[in-house]
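As structure tokens, the structure follows; a few thoughts come after it.
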Amino acid sequence: MALKIYNTLARSKQLLQPIEPNKIRLYVCGMTVYDYCHLGHARVLVAFDVVTRYLRARGYEVDYVRNITDVDDKIIDRARSNGEAFFALTARFIAAMHEDEARLGVLPPDQEPRATAHMDDIIAMVQTLVDKGYAYVAANGDVYYSVEKFSRYGALSGKKPDELLAGARIETGDIKRDHRDFALWKAAREDEVHWRSPWGPGRPGWHIECSAMSKSCLGAHFDIHGGGPDLPFPHHENEIAQSEAANGCQFVNYWMHAGAVRVDGEKMSKSLGNFFTIREILTEYHPEVVRYLLISSHYRSAINYSLETLQTARGALQRLYTALRGIDAVEIPGLAALEEENGFTRRFVAAMDDDFNTPLALSVLFELVRELNLARSEGEELKTRDLARTLKGLGAVLGLLQQDPEDFLKAGGSDALGDADIEVLLAQREQAKRDKDYQRADEIRNQLKDQGVLLEDSREGTLWKRS
RNA sequence: GGCGCGGUGGCAGAGUGGUUAUGCAGCGGACUGCAACUCCGUGUACGCCGGUUCGAUUCCGACCCGCGCCUCCA
């Protein structure tokens, strides 16, 4: 009955102890919207979707905030090179992101603040930092955070402030006082998108928007802050420095970071140019297959993306769906109710309680499936139904098994042959079988197989799926 | 160079001081007209070298290899 979370700040698993009983305030760094989401984004999206689904299933009230950073140098650059209006570009990619996450079965966050809608909060926090002496206004109108003023700097990423200093070149020019200092506010250049501020027209630096938005949405101190693998430094380190200096209290209790998605052993990233967009992958694979792939390894470990791993994920999901095939829709009870029913759920919960160990949780599902198949073949209808309810219930906690089994199994693969064409051939094969013309029946089966359609004869008739 | 993570059976991927992970693939069997699905059985897996221990893949130390962050990136 104890949920443990790996806390990046502590470098160990810790018991989850909410600030307010049974309530979790969670903030996750979302996208900077200047391009389509890639698989790396999908991993963070799905990881924290599972976290929120599980926390809720465990009875916590979760206030899930995931921001959108819609003002940033990269957006400005992209808009310029596209010859596209700044706000048209961000609107376009925000819409695309919403489409992508919906298709992946990612539930929307409770709040989705945008930097451009929180400009007052941002400016107020920068002002506070200036007033408290943690920030200074440079000659050109930029405002910088003075890292040397924050003694705990580096705690999250394990860096020592003076070591960061030691590695510095003396090429900072005359704008920053210290090369470690980072921009809270950037003065606008000619005809750039900008907002009015006490320091002149400009825009926020990269990190301040998350400090301001998290405070606005969740308060100065909240439970969990999450993000991708490349965010501990500098982004989250800087958030801590800003928030704790401005608010005078601890910022976050638990820091969670997802692992990287790799391609050919290298990190998938925009700067390496080796990324696959979600929409690109979804043209070939069912969204739940992608989701399964992302959940089939622990959220903190690196995951390797390839056609082979996707294909394996598909095969595994097919096994789960095959078990549910032909079982009438069942209402899904809550996790607590399921826990009383069977040991599978208890093992599932134990796995998830241990820092969201989804691979282990999935292994429980497969053991359940074996028992389900056994019960079914022995005609134990009640048991079969109960196990199916559990399977669907546990799947739902992971955001899996949400499709109709027939639909899932018949989807994907090559669509050279339409469903209607297949049905026609199946009818012909049935006739051939009745006529004991097995040669003809096998011929049809092989023909379908060549086109990616696999048949399964059963007492109730012939089932099919796409391979 | 600094900080950190990891090397598990053909592949993917959990975990544990002594006992079956799990999935895919393979092999044998049952079922089947034959298949498929399903079920049963089946794999001398834990980078290398030392140490601790009755016993280590699991703890400790050294080493080798891979990766991440340290600059924009989820």
Side-chain angles (χ1 to χ4, degrees), chain A residues 8 11 28-32 34-35 37-48 72-74 77 154 156-160 162-164 166-167 179-180 206 226-235 237 257-262 265-273 275 292-293 296-298 300-304 306 308-320 322-323 325-326 347 351 354 357-374 376-378 409 433 436-439 441-442 445-446 449 454-459 462-465 467:
Chain A
T8 308
R11 294 179 202 294
V28 173
C29 287
M31 273 194 85
T32 300
Y34 67 100
D35 207 339
C37 296
H38 62 231
L39 237 206
H41 295 108
R43 183 164 202 200
V44 174
L45 253 22
V46 169
F48 288 100
D72 169 90
D73 289 358
K74 291 186 295 299
D77 292 346
L156 180 68
S157 52
K159 298 184 189 309
K160 298 195 175 66
D162 31 331
E163 279 171 0
L164 284 166
H179 93 286
R180 299 170 301 179
W206 173 29
D230 37 15
L231 295 185
F233 190 90
H235 185 55
E237 201 69 77
H257 293 97
V261 175
R262 292 185 195 158
E266 274 191 315
K267 190 177 81 154
M268 175 183 295
S269 76
K270 289 185 181 169
S271 54
L272 289 171
F275 63 92
Y292 184 95
L293 173 68
S296 66
S297 59
H298 186 84
R300 278 188 287 117
S301 63
I303 188 174
N304 208 34
S306 70
E308 196 187 350
T309 55
L310 260 180
Q311 203 51 52
T312 302
R314 184 147 188 271
L317 245 198
Q318 281 184 338
R319 177 168 164 81
L320 298 180
T322 300
R325 204 172 203 183
R347 288 169 56 208
D354 186 11
N357 192 335
T358 50
L360 189 57
L362 285 173
S363 77
V364 175
L365 260 43
F366 285 103
E367 288 173 25
L368 186 156
V369 160
R370 178 173 300 118
E371 192 150 316
L372 191 163
N373 287 332
L374 219 44
R376 194 205 308 241
S377 69
E378 284 170 16
L409 292 167
K433 279 177 69 180
K436 304 271 188 214
D437 183 359
Y438 292 120
Q439 197 183 335
D442 291 353
R445 187 169 64 201
N446 288 332
K449 188 181 174 189
L454 300 179
L455 304 190
E456 262 173 60
D457 290 336
S458 76
R459 258 172 222 160
T462 299
L463 301 172
W464 63 272
K465 67 179 177 188
S467 62

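Quick note on labels: first sequence line is chain A, next is B, and so on, each numbered from 1. Nothing here was measured: the structure is a model prediction, and the numbers come from that model.
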Distance in angstrom units between R300(A) CZ and rG68(B) P, rounded: 18 Å
rG1(B) pairs with, by Watson-Crick or G-U criteria that keep both distances under 3.5 Å: rC70(B)
OP1 or OP2 of rA35(B) under 4.0 Å from side-chain N/O of K449(A): no
Sugar-phosphate, base or nothing in reach of K267(A), heavy atoms under 4.0 Å: base
Closest-nucleotide 5' rank along RNA chain B - winner of M268(A) and L374(A): L374(A)
Donor-acceptor pair, side chain of R314(A) and main chain of S467(A), under 3.5 angstrom: yes
rG26(B) pairs with, by Watson-Crick or G-U criteria that keep both distances under 3.5 Å: rU42(B)
Among rA74(B), rC73(B), rG4(B), the one nearest R11(A) by side-chain distance: rG4(B)
Sugar-phosphate only, base, or nothing, as touched by Y438(A) at under 4.0 Å among non-hydrogen atoms: base
Sugar-phosphate, base or nothing in reach of S297(A), heavy atoms under 4.0 Å: sugar-phosphate
Mutual orientation of the aromatic rings belonging to H235(A) and W206(A) [parallel < 30°, tilted 30-60°, perpendicular > 60°]: parallel
Base rC34(B) paired with D457(A) side chain (donor-acceptor, <3.5 Å): yes
Passing option when V261(A) is tested against V44(A), I303(A), L293(A) for side-chain contact (heavy atoms from CB on, under 4.5 Å): I303(A)
Euclidean distance, atom NE2 of residue H257(A) to atom C1' of rC69(B) [Å, nearest integer]: 11 Å
Sugar-phosphate only, base, or nothing, as touched by G158(A) at under 4.0 Å among non-hydrogen atoms: sugar-phosphate
D442(A) (side chain) and rG33(B) (base): donor-acceptor pair under 3.5 Å: yes
Polar side-chain atom of T358(A) near backbone of A361(A) as donor-acceptor pair, under 3.5 Å: no
Backbone N/O of A323(A) and side chain of R376(A): donor-acceptor pair under 3.5 Å: yes
Euclidean distance, atom CG of residue N357(A) to atom P of rG23(B) [Å, nearest integer]: 16 Å
Polar pair under 3.5 Å, donor/acceptor by atom type, side chain H38(A), base rA74(B): yes
Intermediate values then yes/no, salt bridge (charged side-chain N to carboxylate O under 4.0 Å, His left out), E237(A) and K159(A): CA-CA 10 Å; E237(A) 201 69 77; K159(A) 298 184 189 309; over 6 Å; no
Pairwise 5' ranking along RNA chain B for R347(A) and G30(A), keeping only the more 5' one: R347(A)
More than 12 heavy atoms from other groups under 6.0 Å of CD on Q439(A): no
Between rC63(B) and rG26(B) - P atom distance, rounded Å: 43 Å
Rounded distance (nearest 0.5 Å) linking atom CG of L372(A) with atom CD of E367(A): 13.5 Å
Side-chain N or O of S301(A) closer than 4.0 Å to phosphate OP1/OP2 of rA14(B): yes
Touch class at under 4.0 angstrom, heavy-atom based, for E308(A) against every strand present: sugar-phosphate
Pairing nucleotide - rU58(B), Watson-Crick or G-U, each distance under 3.5 Å: none
Side-chain N or O of R319(A) closer than 4.0 Å to phosphate OP1/OP2 of rC39(B): yes
Rounded interatomic separation in angstrom, taking CD1 from I303(A) and P from rC67(B): 18 Å
Atom-to-atom span, CD of Q439(A) to P of rG33(B) - whole angstrom: 18 Å
rA12(B) to rG55(B) separation - P atoms, rounded to the nearest Å: 34 Å
Sugar-phosphate, base or nothing in reach of L454(A), heavy atoms under 4.0 Å: nothing
Proximal nucleotide (of rA21(B), rA74(B), rC37(B)) relative to the P229(A) side chain: rA74(B)
Between rU32(B) (C1') and L463(A) (CG): distance, integer Å: 15 Å
Between rU16(B) and rG2(B) - C1' atom distance, rounded Å: 33 Å
Sugar-phosphate only, base, or nothing, as touched by G265(A) at under 4.0 Å among non-hydrogen atoms: sugar-phosphate
R180(A) vs rC70(B): side-chain N/O to OP1/OP2 distance below 4.0 Å: no
Selected nucleotide, minimal atom distance to K159(A) side chain, candidates rG2(B), rG33(B), rG23(B): rG2(B)
Counter-base of rA14(B), judged by Watson-Crick or G-U geometry with both distances under 3.5 Å: none
V261(A), nearest nucleotide to its side chain (from rC73(B), rG23(B), rA74(B)): rA74(B)
Spacing of the C1' atoms in rC49(B) and rC65(B) (rounded, Å): 15 Å
Sugar-phosphate only, base, or nothing, as touched by P232(A) at under 4.0 Å among non-hydrogen atoms: nothing
Carboxylate-amine/guanidinium proximity below 4.0 Å for R445(A) and D442(A): yes
Gap in Å between the two P atoms, one belonging to rG47(B) and one to rU8(B), rounded: 7 Å
Nearest-angstrom distance, C1' atom, rU20(B) to rU44(B): 15 Å
Nearest-angstrom distance from the residue atom CH2 of W464(A) to P of rA35(B): 24 Å
N/O donor-acceptor pair, side chain S271(A) with base rC73(B), under 3.5 angstrom: yes
Sugar-phosphate, base or nothing in reach of A258(A), heavy atoms under 4.0 Å: nothing
Closest listed nucleotide, where the reference is the side chain of R445(A) and the choices are rG33(B), rC70(B), rA14(B): rG33(B)
Euclidean distance, atom CZ of residue F233(A) to atom C1' of rU71(B) [Å, nearest integer]: 10 Å
Sugar-phosphate, base or nothing in reach of S458(A), heavy atoms under 4.0 Å: nothing
Separation between the C1' atoms of rG28(B) and rC64(B), rounded to whole Å: 40 Å
Phosphate OP1/OP2 of rC39(B) contacted by N373(A) side-chain N/O (<4.0 Å): yes
Separation between the P atoms of rU58(B) and rC46(B), rounded to whole Å: 11 Å
Donor-acceptor pair present, R262(A) side chain and rC67(B) base, under 3.5 Å: no
